[in-house]
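Presented below is the structure to which this report refers.
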Amino acid sequence: LRVGDLSAPMTAEAFADFAARQLGDAVRVMGHREALIHRVGLCSGGGCDEWADAHAMGADAFLTGEVKHHIALDASYHGVVVLEAGHFATENPGIFALMKALQNAPEKTFYETQNANPLRGLYPLSIAATEAVEEARLAGRGFLHAKSSQEIIFTRNTTEALNLVAYSYGLSHVHAGDEVVVSILEHHSNLLPWQMVCRQTGATLKFIDCEMDGRLDLNKVSEIITDKTKIVAVTHVSNVIGRVNPIREIADMAHRVGAVIVVDGAQSTPHIPVDVQALDADFLAFSGHKVFGPMGIGALYGKRRLLEKMPPFLSGGEMIESVTRTGATYAELPYKFEAGTGNAAGAVGLHAAIRYMQSVGFDTMHERETALVARMMAGMADMPFIHVLGSEIPEEHSGIVTFTVDGVHPHDVSEILAADGACIRAGHHCAQPLLKHLGYSSTVRASCAFYNTPDEVDRLLDSLKTIRERMGYGKQELL
C-alpha cells in the first residue's frame, strides 16, 4: 500500500482522468464523482484488502485493481471513494509515474529534471527547460483565449504586469492635457501606477465611483470617459465587493474615443472563465498564486499590435537580438518584455495550476463557491450585529464576503477567528479609496474556494456568533 498527497485537491472524477493518463488504463469512480480528493491510497494488488488501512492513513480515495463484489455494492468505505483500474498491477510502470506525480510539486520536478536557463543553451537540459516554459505560455494563451502565445508575457505577479503597462505604454502614450480613468474599486496595484503616469506626464486622473452595493453605473461611466481619455483601468472583479464588472461595455466606450482598457484580472481568473477576445481587453493581468499556482509568477496579456509599439519595461539579458556600443535591437515578442532569467519553475507551476483548474471546471467551482457564500450570508443574516458589504445576492460575490462586526475592530475579529482556526483577512484590503467611499476604514473579508466545505463555513459562523460576547458585550440575541 502506498499513500500520496495531491499537490492540490481534485474531484474524484478529475483524479480518475488524471490517473488514467498515467496508467494507460481506464479508471472507474465508484462513489461520489464530485467528492474532493486530497490524499490517495494506491494498492497494486488485485483486490481491496488494504482499503481500511488506506482509510486509517487518512486517504480520501483508494485506487486499486478489479474490486471485490461487496465493495462494488458499497461504493465507499467511511467516505473513502473507490477507484478501479482493471489492469492495475505492480509491474505497471504507470504506478511509479502516478506516485511521482502525487509526491512531487511541479516546481520541484522542474528543478530535479529540467533545471537550466531557458533560451540560453543548445544542450538537452536547456532545450527541455525552454520547451517547458513555452508549453506554459501556450497554456496561458488558452486560459485567457489570446490569439497568440506572443501576447502572453510572464511577470512576477499582477502588480508587476500592471506597472509594465503603465511604464511602457502609459508614459509613451499619455501627455499633458490627457485623462486617465480608473474605477474607485481598484486594488492599489491598478491605481498607484496610473497616479505615477499622471504625475509624470501632467495628465488628469479621473475616478468612476461605484454605487453603495459596488455596482458601476454605465451611464455615469459614459459621462466620465471623454475624447481626452487615453487609458481606462478597471478591475474585472473587486477584491472587496466581489462583483463582476461589465468590462466589455466599458471597453466599447473606451475604444469609441480611441482609448485602451487595462483590466486587473487577479480576482476574476480564479472564479470565472476569462476570454480577452470576448472582453475586447487591450491588456489584462493576473497572478499565479490566485489561481492555485506558486507565488512569484504571473502573466500579462496584451494585444500584439500594442505590444509591438511599446518600448521594453526592463533592459538587459535575454530581451535583445543584438547589442552594439551605442544601441541594441530588441527581441521579438514576448521576449522583449522578459529581461533576465525568469521564474521558469514558477511558469511550470502555473501551467500545472491551469491544468488543475480546467480539470475541475469553472461550472463546478462556481456552483460550490456560490453555495458556500449563500450559506455564509444566510448565517450572517441571523446576526444583527454583522453587516455585509456589497450585493445581497450570493452569486454576485465571487467567493468573498466582506463584513463588519458592530463594536469590534476587524483586527480583533481576525485574532479571535484565528484562535478558532479560521483564517480571514482584516484591514483595508489594498483598496483604501474604495473603503473610504463606502464609509469604512477597515473591514473583515472571508474567502471561499470550491475546496472549502459547508462544515468549515459553519465553524466560521459559530465563532462569529460569540465574537461580541467574548469582547465583553454580553450574550448576543440572534434572529
Side-chain angles (χ1 to χ4, degrees), residues 8-9 11 32 34-39 55 58-60 76 78-81 213-214 238-243 267 270-271 292 360 364-429 435 438 440-479:
T11 65
H32 184 32
E34 295 300 315
L36 280 178
I37 307 303
H38 297 78
R39 188 169 176 81
H55 165 64
D60 305 297
S76 66
H78 291 300
V80 178
V81 176
D213 64 356
S238 165
N239 74 309
V240 176
I241 302 297
R243 184 183 288 273
Q267 302 300 327
H271 299 287
F292 315 106
V360 176
T364 297
M365 294 164 64
H366 178 72
E367 180 182 353
R368 293 185 177 188
E369 290 170 357
T370 299
L372 292 169
V373 169
R375 189 183 190 94
M376 187 182 299
M377 291 178 65
M380 290 178 173
D382 292 335
M383 306 177 207
F385 48 86
I386 288 184
H387 309 282
V388 176
L389 279 67
S391 172
E392 296 179 355
I393 303 172
E395 288 84 355
E396 296 181 348
H397 278 259
S398 301
I400 64 173
V401 179
T402 299
F403 61 96
T404 60
V405 179
D406 285 345
V408 185
H409 193 280
H411 290 169
D412 292 324
V413 176
S414 176
E415 288 287 343
I416 294 173
L417 291 178
D420 290 345
C423 300
I424 57 89
R425 294 285 293 272
H428 52 66
H429 314 299
L435 288 189
L438 297 176
Y440 299 93
S441 61
S442 182
T443 60
V444 182
R445 186 183 68 202
S447 302
C448 297
F450 65 93
Y451 51 75
N452 288 119
T453 66
D455 178 65
E456 290 172 335
V457 171
D458 290 345
R459 286 164 52 197
L460 172 67
L461 293 172
D462 288 342
S463 293
L464 288 174
K465 290 175 184 176
T466 63
I467 284 278
R468 280 177 53 83
E469 183 178 356
R470 284 187 274 181
M471 290 295 292
Y473 290 99
K475 191 172 182 61
Q476 302 295 297
E477 294 293 330
L478 304 179
L479 298 180

Worksheet entry | For Ile424 against Arg445, the heavy-atom pair lying closest together | CB-O, 3.4 Å

Worksheet item: Between the main-chain N or O of His429 and the side-chain N or O of Asn239, is there a donor-acceptor pair closer than 3.5 Å?
Response: yes

Discussion item. Can you confirm whether Glu415 is buried at CD, in the sense that more than 12 heavy atoms of other residues, nucleotides or ligands lie under 6.0 Å from that atom?
Written reply: no

Worksheet entry | side-chain hydrogen bond (donor to acceptor under 3.5 Å, both in side chains): pairs with one or both residues in residues 371-381, sequence neighbours excluded | Arg375-Asp458

Discussion item. Show the nearest heavy-atom pair for residues Gly242 and Ser398, with the distance to one decimal.
Written reply: O-OG, 2.6 Å

Discussion item. If I take atom CG from residue Leu479 and atom CE from residue Met380, how far apart are they, to the nearest 0.5 angstrom?
Written reply: 14.0 Å

Response to the item:
When rounded to the nearest 0.5 Å, the distance separating CG of Leu438 from CD1 of Ile241 is 5.0 Å

Worksheet item: Does the side chain to side chain contact (heavy atoms under 4.5 Å, CB included) test come out yes or no for Thr443 and Leu435, once each step is laid out?
Response: CA-CA 8 Å; Thr443 60; Leu435 288 189; 4.1 Å; yes

Discussion item. Which heavy atom of Phe292 sits nearest to which heavy atom of Ala449, and what is that distance?
Written reply: CE2-CB, 4.5 Å

Worksheet item: Hey, does the Lys NZ or Arg CZ of Arg468 hover above the aromatic six-ring of Tyr473, less than 6.0 Å from the centre and inside 45° of the axis?
Response: yes

Worksheet item: Going from NE2 on His366 to NE2 on His271, what distance comes out if it is rounded to the nearest 0.5 angstrom?
Response: 11.0 Å

Discussion item. Let's go through Lys465 and Asp382 carefully: what are the C-alpha distance in whole Å and the side-chain angles of both, what is the deciding distance for salt bridge (charged side-chain N to carboxylate O under 4.0 Å, His left out) to 0.1 Å, and is it a yes or a no?
Written reply: CA-CA 9 Å; Lys465 290 175 184 176; Asp382 292 335; over 6 Å; no

Please tabulate, for side-chain N and O atoms in residues 384-391, each donor-acceptor pair with protein atoms closer than 3.5 Å (sequence neighbours left out).
| from | atom 1 | to | atom 2 | distance (Å) |
| --- | --- | --- | --- | --- |
| His387 | NE2 | Asp406 | OD1 | 2.8 |
| His387 | NE2 | Asp406 | OD2 | 3.2 |
| Ser391 | OG | Ile393 | N | 2.9 |
| Ser391 | OG | Glu396 | OE1 | 2.6 |

Practice prompt. Answer yes or no: is there a donor N or O on one side and an acceptor on the other, between the side chain of Thr370 and the main chain of Glu367, under 3.5 Å?
Written response: no

Worksheet item: With a 4.5 Å limit on heavy-atom distance, are the side chains of Cys448 and Met376 in contact?
Response: yes

Fill in: Thr453 side-chain N/O to Glu456 backbone N/O, donor-acceptor pair under 3.5 Å
yes

Worksheet item: Does any non-hydrogen side-chain atom of Leu36 lie less than 4.5 Å from one of Thr11?
Response: yes

Fill in: Any residue meeting salt bridge (Lys or Arg N to Asp or Glu O under 4.0 Å) with Asp420, in chain and number order, not counting sequence neighbours
Arg470

Discussion item. Whether the Ser442 and His411 side chains hold a donor-acceptor pair (N or O, under 3.5 Å, no angle test) is what I'd like checked.
Written reply: no

Item to complete: Flag the pair Ile400 / Arg425 as yes when at least one side-chain heavy-atom distance between them is below 4.5 Å, and no otherwise.
Response: no

Fill in: Rounded distance (nearest 0.5 Å) linking atom CD of Glu392 with atom CE of Met377
7.0 Å

Discussion item. Salt bridge check, Asp462 against Arg459: does any charged N sit closer than 4.0 Å to a carboxylate O?
Written reply: no

Worksheet item: Where is the tightest heavy-atom contact between Leu461 and Gly379, given as atom of each residue plus distance?
Response: CD1-CA, 3.8 Å

Discussion item. Does any part of the side chain of Ile467, heavy atoms only, come nearer than 4.5 Å to the side chain of Asp412, both counted from C-beta?
Written reply: no

